[in-house]
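Notes for the one structure printed next.
Position 1 is the first residue of the sequence; numbering continues from there.
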Amino acid sequence: AARTRADKVEGGWRVTGQKVWTSGAAVADYGMLIARTDWDVPKHRGISFFFLPMKQDGVTVRPLHQITGEAHFNEVFLDDVFIPDDGVLGEVDGGWQVAMVDRDGDELAAASGTLQGVHPIVADVSIPEQVEQMRDQALARFGRIDALVNNAGIMPLSPMAALKRDEWTRMIDVNIHGVLNGIAAVLPRFVAQGGGHVVNVASIAAHLVLPSAAVYCASKFAVWAITEGLRQEHDDIRATIISPGVVATELGNDITDPA
């Protein structure tokens, strides 16, 4: 449950609480913050989404050092931090109104069935027509789209000399074209409504290159470059890159190279 609280004040909100495992908080200018704004309604409601200016009094970032000595993750402590009214995304107290997308209908049904208020949509993000249908279904359900999270990715690692061209192509189709297809589906609408937020999930692989991961790293660097380009081109649209470390998911289950 969201325990960080945001209380309404003149011109904005005062926020107090704590967040953990926050990637890149030590260098970020803004953070994405979920806070509870109404404690008297069911838990999946009474939640609001904020853009938190990180460089201000009351924000304390404490790095969480890994065994390697690096500190990609952080604890963030918020002590009466101010967020202006224009830092709210969507409806105050609106809670979750989310369309979840997966190409596997069975897995999608299992995942979305555990979350209240989530609308499942089956689509393959590498196919532009299906992404456009995804957008249209979300609009029909919610009437508006305020944010897009591009999270789909595959990681069939192999040495370059293995010449796994089919896997290279599929990685580019999902990891790069999937992001572009998502942006293309919502960008005209964001421009027309005067705002929106594109969140692209890259990886720490966007910032380094490892053996057997050259194509994967290149695809994630492309996600970073696309996000930065979108940010520079549109002052009224937020573009955010998230570069997580290793996470326990199915990513990597499609590796076929025995090395």
Side-chain angles (χ1 to χ4, degrees), residues 23-24 28 30-32 49 51 72 89 98-104 107-108 111 119-139 145-157 165-193 195-210 213-247 249-254:
S23 300
Y30 288 87
M32 295 183 296
F49 190 21
F51 299 111
H72 296 294
L89 175 64
V98 176
M100 180 184 290
V101 182
D102 197 306
R103 64 177 181 169
D104 188 316
E107 291 190 2
L108 177 62
H119 178 57
I121 300 175
V122 178
D124 185 332
V125 298
S126 69
I127 302 174
E129 294 78 11
Q130 292 192 21
V131 178
E132 291 170 359
Q133 292 170 6
M134 170 194 79
R135 173 204 60 205
D136 294 342
Q137 289 184 50
L139 284 170
I145 298 174
D146 290 299
L148 168 72
V149 180
N150 283 310
N151 188 46
I154 59 174
M155 190 180 67
L157 304 180
R165 294 179 180 176
D166 289 344
E167 293 183 358
W168 297 348
T169 298
R170 181 61 180 160
M171 212 168 348
I172 291 169
D173 283 343
V174 174
N175 296 3
I176 301 178
H177 291 155
V179 170
L180 291 171
N181 291 337
I183 292 172
V186 300
L187 185 55
R189 181 164 293 273
F190 285 178
V191 171
Q193 69 192 27
H197 193 180
V198 175
V199 179
N200 293 328
V201 179
S203 165
I204 58 171
H207 310 283
L208 52 84
V209 180
L210 299 170
V215 178
Y216 177 73
C217 293
S219 73
K220 291 303 182 178
F221 177 82
V223 173
W224 176 86
I226 290 165
T227 309
E228 177 62 13
L230 182 65
R231 184 192 68 80
Q232 292 183 18
E233 292 177 11
H234 294 275
D235 292 336
D236 55 350
I237 295 172
R238 297 178 186 268
T240 299
I241 189 77
I242 298 176
S243 297
V246 178
V247 180
T249 68
E250 295 180 358
L251 191 69
N253 288 1
D254 47 6

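In summary, Glu167 and Arg170 do not engage in a salt bridge, as defined by a charged side-chain N under 4.0 Å from a carboxylate O.
No more than 12 heavy-atom neighbours from other residues, nucleotides or ligands sit within 6.0 angstrom of CG on Asp166.
Defined by atom type and a distance below 3.5 Å, a donor-acceptor pair is missing between the side-chain atoms of Gln133 and Gln137. No side-chain N or O of Ser126 forms a donor-acceptor pair with one of Arg103 less than 3.5 Å apart.
When side chains are defined from C-beta on, Asp236 does not count as touching Phe190, because their heavy atoms never get closer than 4.5 Å. Counting only heavy atoms from C-beta outward, the side chains of Leu157 and Leu210 never approach each other to under 4.5 Å.
When all heavy atoms of Ala202 and Pro244 are compared, the pair lying nearest together is O-CD, 3.9 Å. Here the shortest heavy-atom pairing between Ile121 and Leu108 reads O-CD2, 3.2 Å. Between Ile204 and Ser243, the closest heavy-atom pair is CG2-O, 3.6 Å. Met134 and Ala123 make their closest contact through CB-CB, 4.4 Å (heavy atoms, listed as atom of the first residue, atom of the second, distance). Residues Asp124 and Gln130 come closest through the heavy atom pair N-OE1, 2.7 Å. Taking all atoms of both residues into account, the shortest heavy-atom contact from Ala152 to Asn175 is O-OD1, 4.4 Å.
Note that CG of Leu187 is 4.5 Å distant from NE2 of His234, once rounded to the nearest 0.5 Å. To the nearest 0.5 angstrom, Met100 atom CE is 10.0 Å from Asn151 atom CG. Remark: Ile226 CD1 to Leu180 CG distance equals 4.0 Å, nearest 0.5 Å. The line from CZ of Arg189 to CG of Leu148 is 13.5 Å long, rounded to the nearest 0.5 Å.
Applying the side chain to side chain contact (heavy atoms under 4.5 Å, CB included) criterion to Thr227, with sequence neighbours excluded, gives Asn200, Val223, Ala239, Ile241. Partners of Ile172 under the side chain to side chain contact (heavy atoms under 4.5 Å, CB included) rule, at least two apart in sequence or in another chain, are Ile176, His177. Val199 meets the side chain to side chain contact (heavy atoms under 4.5 Å, CB included) test with Met32, Val149, His197, Thr240, Ile242; sequence neighbours excluded.
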| field | Intermediate values then yes/no, side chain to side chain contact (heavy atoms under 4.5 Å, CB included), Asn150 and Ile183 | value | CA-CA 9 Å; Asn150 283 310; Ile183 292 172; 4.1 Å; yes

| query | Could you walk me through whether Arg231 and Glu228 pass the salt bridge (Lys or Arg N to Asp or Glu O under 4.0 Å) check? | reply | CA-CA 5 Å; Arg231 184 192 68 80; Glu228 177 62 13; 2.5 Å; yes

